[in-house]
Amino acid sequence: MEHPPNQVYFRVKRHKSTIFLPAKTTDKILTLKKNIIKILDSEKLDSKKIKLLISTDDSEPPLSYSSLDRDEDTVAQSGLKDEQVLFLCLWDDNLGQWENVSVEYPDPYDEAVEDEDEPMDEDDEMNEKNDIDTILEDGKGKAKA
């Protein structure tokens, strides 16, 4: 999809969450942090308790990161690219340190686990019928007049 030349989009990841963050190449890193706070709708967070990082390698999950420490730098000055993944870490007041980067990646798809072309055996058919019967007995799935 085409968008204006100074418009970029980032995916900001932390744990199981991904934030889709629009920005301009002229936005400062501080602006990105403030926009993340707005999206998270958190009054407890301030920009000093947010650290943004980028991967310095191509592995997934990344093995090394570089921190975007200079809040006054722009997106362009930081070398960020359109559709780049940023990693979000928060300051842990209890530990007095930054949390580690933590992003959960899905397991690779295993074709052997789910083969839709494989015919059902009698047990599979019986289990599916029992599931449907249970739904209908509970009144779910019935059309109302």
Side-chain angles (χ1 to χ4, degrees), residues 1-120 124-125 127-136 138-145:
M1 183 175 142
E2 282 294 313
H3 47 269
N6 70 336
Q7 182 73 46
V8 290
Y9 297 90
F10 300 113
R11 286 175 288 151
V12 182
K13 295 182 173 253
R14 179 176 180 263
H15 300 303
K16 292 182 180 181
S17 299
T18 301
I19 298 169
F20 294 92
L21 185 67
K24 294 181 179 160
T25 55
T26 54
D27 285 345
K28 295 184 178 194
I29 299 301
L30 180 61
T31 304
L32 297 183
K33 290 179 179 183
K34 288 180 178 181
N35 288 340
I36 290 169
I37 291 169
K38 285 179 193 173
I39 291 169
L40 294 175
D41 195 27
S42 176
E43 295 174 10
K44 297 177 185 176
L45 275 179
D46 70 54
S47 62
K48 292 180 175 76
K49 294 188 177 193
I50 290 180
K51 182 163 56 168
L52 294 173
L53 300 106
I54 55 173
S55 170
T56 57
D57 61 52
D58 292 331
S59 63
E60 194 171 294
L63 300 174
S64 59
Y65 304 90
S66 176
S67 179
L68 300 172
D69 292 329
R70 297 175 44 95
D71 284 349
E72 66 279 358
D73 283 355
T74 65
V75 166
Q77 289 170 329
S78 299
L80 299 177
K81 306 287 185 231
D82 187 29
E83 298 185 15
Q84 188 165 1
V85 176
L86 307 178
F87 299 91
L88 173 64
C89 290
L90 302 178
W91 179 258
D92 186 331
D93 285 328
N94 295 327
L95 296 176
Q97 64 185 25
W98 292 102
E99 66 183 5
N100 292 325
V101 173
S102 173
V103 175
E104 291 190 29
Y105 288 88
D107 292 331
Y109 179 73
D110 185 0
E111 288 183 35
V113 173
E114 282 190 45
D115 189 355
E116 294 294 326
D117 296 333
E118 210 173 280
M120 287 185 160
D124 289 337
E125 288 177 15
N127 288 337
E128 187 169 330
K129 182 183 179 333
N130 288 340
D131 289 345
I132 291 170
D133 289 343
T134 301
I135 290 169
L136 292 175
D138 291 343
K140 297 176 186 170
K142 289 185 179 178
K144 295 188 179 188

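Note that these values count all heavy atoms, side chains included, but never hydrogens, waters or copies made by symmetry. Numbering of residues begins at 1 and proceeds along the displayed sequence. Just so you know, these numbers come straight off a predicted model, no measurement behind them.
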TODO: Take Asp27 and Thr74 through the test side chain to side chain contact (heavy atoms under 4.5 Å, CB included) and record every step on the way to the result.
DONE: CA-CA 5 Å; Asp27 285 345; Thr74 65; over 6 Å; no

- [ ] With side chain to side chain contact (heavy atoms under 4.5 Å, CB included) as the test, would you mind laying out the steps for Thr25 and Gln7 before giving the verdict?
- [x] CA-CA 6 Å; Thr25 55; Gln7 182 73 46; over 6 Å; no

TODO: I would like to know whether Ile36 and Leu52 meet side chain to side chain contact (heavy atoms under 4.5 Å, CB included); could you show each step before the answer?
DONE: CA-CA 10 Å; Ile36 290 169; Leu52 294 173; 3.7 Å; yes

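One finds the CD atom of Glu104 at 5.0 Å from the NZ atom of Lys16 (value rounded to the nearest 0.5 Å). Distance OG/Ser42 to CD1/Ile50: 8.0 Å, rounded to 0.5 Å. Here the NZ atom belonging to Lys38 is positioned 14.0 Å from the CG atom belonging to Leu45, to the nearest 0.5 angstrom. From Leu30, atom CG reaches atom CZ of Arg70 across 13.0 Å, with rounding to the nearest 0.5 Å. Taken from NZ in Lys34 to OG in Ser47, the straight-line distance is 6.0 Å, to the nearest 0.5 Å.
Residue Glu43 qualifies as open at atom CD: its count of foreign heavy atoms under 6.0 Å is 12 or below. By the 6.0 Å contact criterion, CG on Asn100 is open, its count of non-hydrogen atoms from other residues, nucleotides or ligands being 12 or less.
A ring-centre distance under 6.0 Å is not found for Phe20 and Tyr9.
In summary, the side chains of Asp57 and Ser64 do present a donor paired with an acceptor at a separation below 3.5 Å, with no hydrogens or angles considered.
Checked for salt-bridge contact, Lys33 and Asp71 meet the test: a charged N lies under 4.0 Å from a carboxylate O. With respect to the salt-bridge test (charged N to carboxylate O, under 4.0 angstrom), the residues Glu99 and Lys51 do not qualify.
Side-chain contact check for Leu80 versus Ile29: some heavy-atom pair is nearer than 4.5 Å. For the pair Asp73/Leu68, no side-chain contact is recorded, criterion being any heavy-atom separation below 4.5 Å from C-beta on. Annotation: side chain of Val12 is not in contact with side chain of Thr18 (no heavy-atom distance under 4.5 Å). Two residues are said to be in side-chain contact when any heavy atoms from C-beta on lie closer than 4.5 Å; Val85 and Ser55 fail this criterion. Using a 4.5 Å heavy-atom cutoff, the side chains of Phe87 and Pro62 are in contact. Side-chain contact between Leu88 and Val101: absent, with no pair of heavy atoms (C-beta onward) separated by less than 4.5 Å. Residues Leu53 and Leu86 fail the side-chain proximity criterion, which asks for heavy atoms closer than 4.5 Å. With a 4.5 Å cut-off on side-chain heavy atoms, Arg14 and Leu90 count as touching.
Of all the heavy atoms in Ala23 and Phe10, the pair that sits closest is CB-CE1, 3.9 Å. Across every non-hydrogen atom of Lys13 and Val103, the tightest pair is CB-CG2, 3.9 Å. Across Asp46 and Ile37, no two heavy atoms sit closer than the pair C-CD1, 3.6 Å.
Of the options Val75, Val8, Thr31, Asn6, a side chain to side chain contact (heavy atoms under 4.5 Å, CB included) to Lys24 is made by Asn6 and by none of the others.
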